[in-house]
**Q** 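After the structure tokens below, expect a handful of questions from me.
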Amino acid sequence: MKGTLWINSGLGILAFVVTLATAWASNVWLVSLERAGVAFIVFFLVAFPVRWIISKVTQPLAHSAVEGEDALQNGAASPLRETEDQKSEASEESFAPLAVSQMERIRPIEDPTTVAEVVRRLTDE
């Protein structure tokens, strides 16, 4: 977690300024400073576990990408890359723009009356 103190301090200072500005209008200056100080401490400390959780959530994605690169360097083919290549080849070969006449021929798989009857049966039970 690079730059932890700078990021946490920045969040704390932002909370300090916002709290001081909002509390200044309706409180004595000492109460406003006290509340702003508490906001700074709370935001500074809460930023540590939040940033740790965010790093843990995003770490598996980065870790799996590194493993995939290692496998490719060792000569193994990536299954993900193979499927992407296959999909792109298949889509290039079988692509045809949809014409209006083709749209008219497409029929729904289920009849709407059948679907309505099934829904009525399910709601009765």
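What you see is a predicted model; the values in this text were computed from it and never measured. Atom set for the values below is all heavy atoms of this structure, side chains included, hydrogens, waters and symmetry mates excluded.
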**Q** Could you check whether the rings of F48 and F44 sit parallel, tilted or perpendicular, using 30° and 60° as the cut-offs?
**A** perpendicular
**Q** Quick check for you: to the nearest 0.5 Å, what is the distance between N8 atom CG and F43 atom CZ?
**A** 12.0 Å
**Q** Is there a path from L30 to I41 through hydrophobic residues (I, L, V, M, F, W, Y) whose side chains come within less than 4.5 Å of each other?
**A** yes
**Q** Kindly write out the residues that satisfy side chain to side chain contact (heavy atoms under 4.5 Å, CB included) with T19, not counting sequence neighbours, or none if the list is empty.
**A** R35, A36, A39
**Q** Applying side chain to side chain contact (heavy atoms under 4.5 Å, CB included), name anything that partners L33, two or more places apart in sequence or on another chain.
**A** F16, L20, W29
**Q** Residues in salt bridge (Lys or Arg N to Asp or Glu O under 4.0 Å) with E34, at least two apart?
**A** none
**Q** Mind checking side chain to side chain contact (heavy atoms under 4.5 Å, CB included) for V17 and listing every partner two or more places apart, or none if nothing turns up?
**A** I13
**Q** Quick one: list whatever passes side chain to side chain donor-acceptor pair (under 3.5 Å) with T113, sequence neighbours left out.
**A** D111
**Q** Kindly give the heavy-atom pair with the smallest separation between S32 and A23, and that separation in Å.
**A** OG-O, 3.1 Å
**Q** Mind checking what makes side chain to side chain contact (heavy atoms under 4.5 Å, CB included) contact with V42, not counting sequence neighbours?
**A** V38, V46
**Q** Working to the nearest 0.5 angstrom, can you tell me the gap between L11 CG and L45 CG?
**A** 12.0 Å
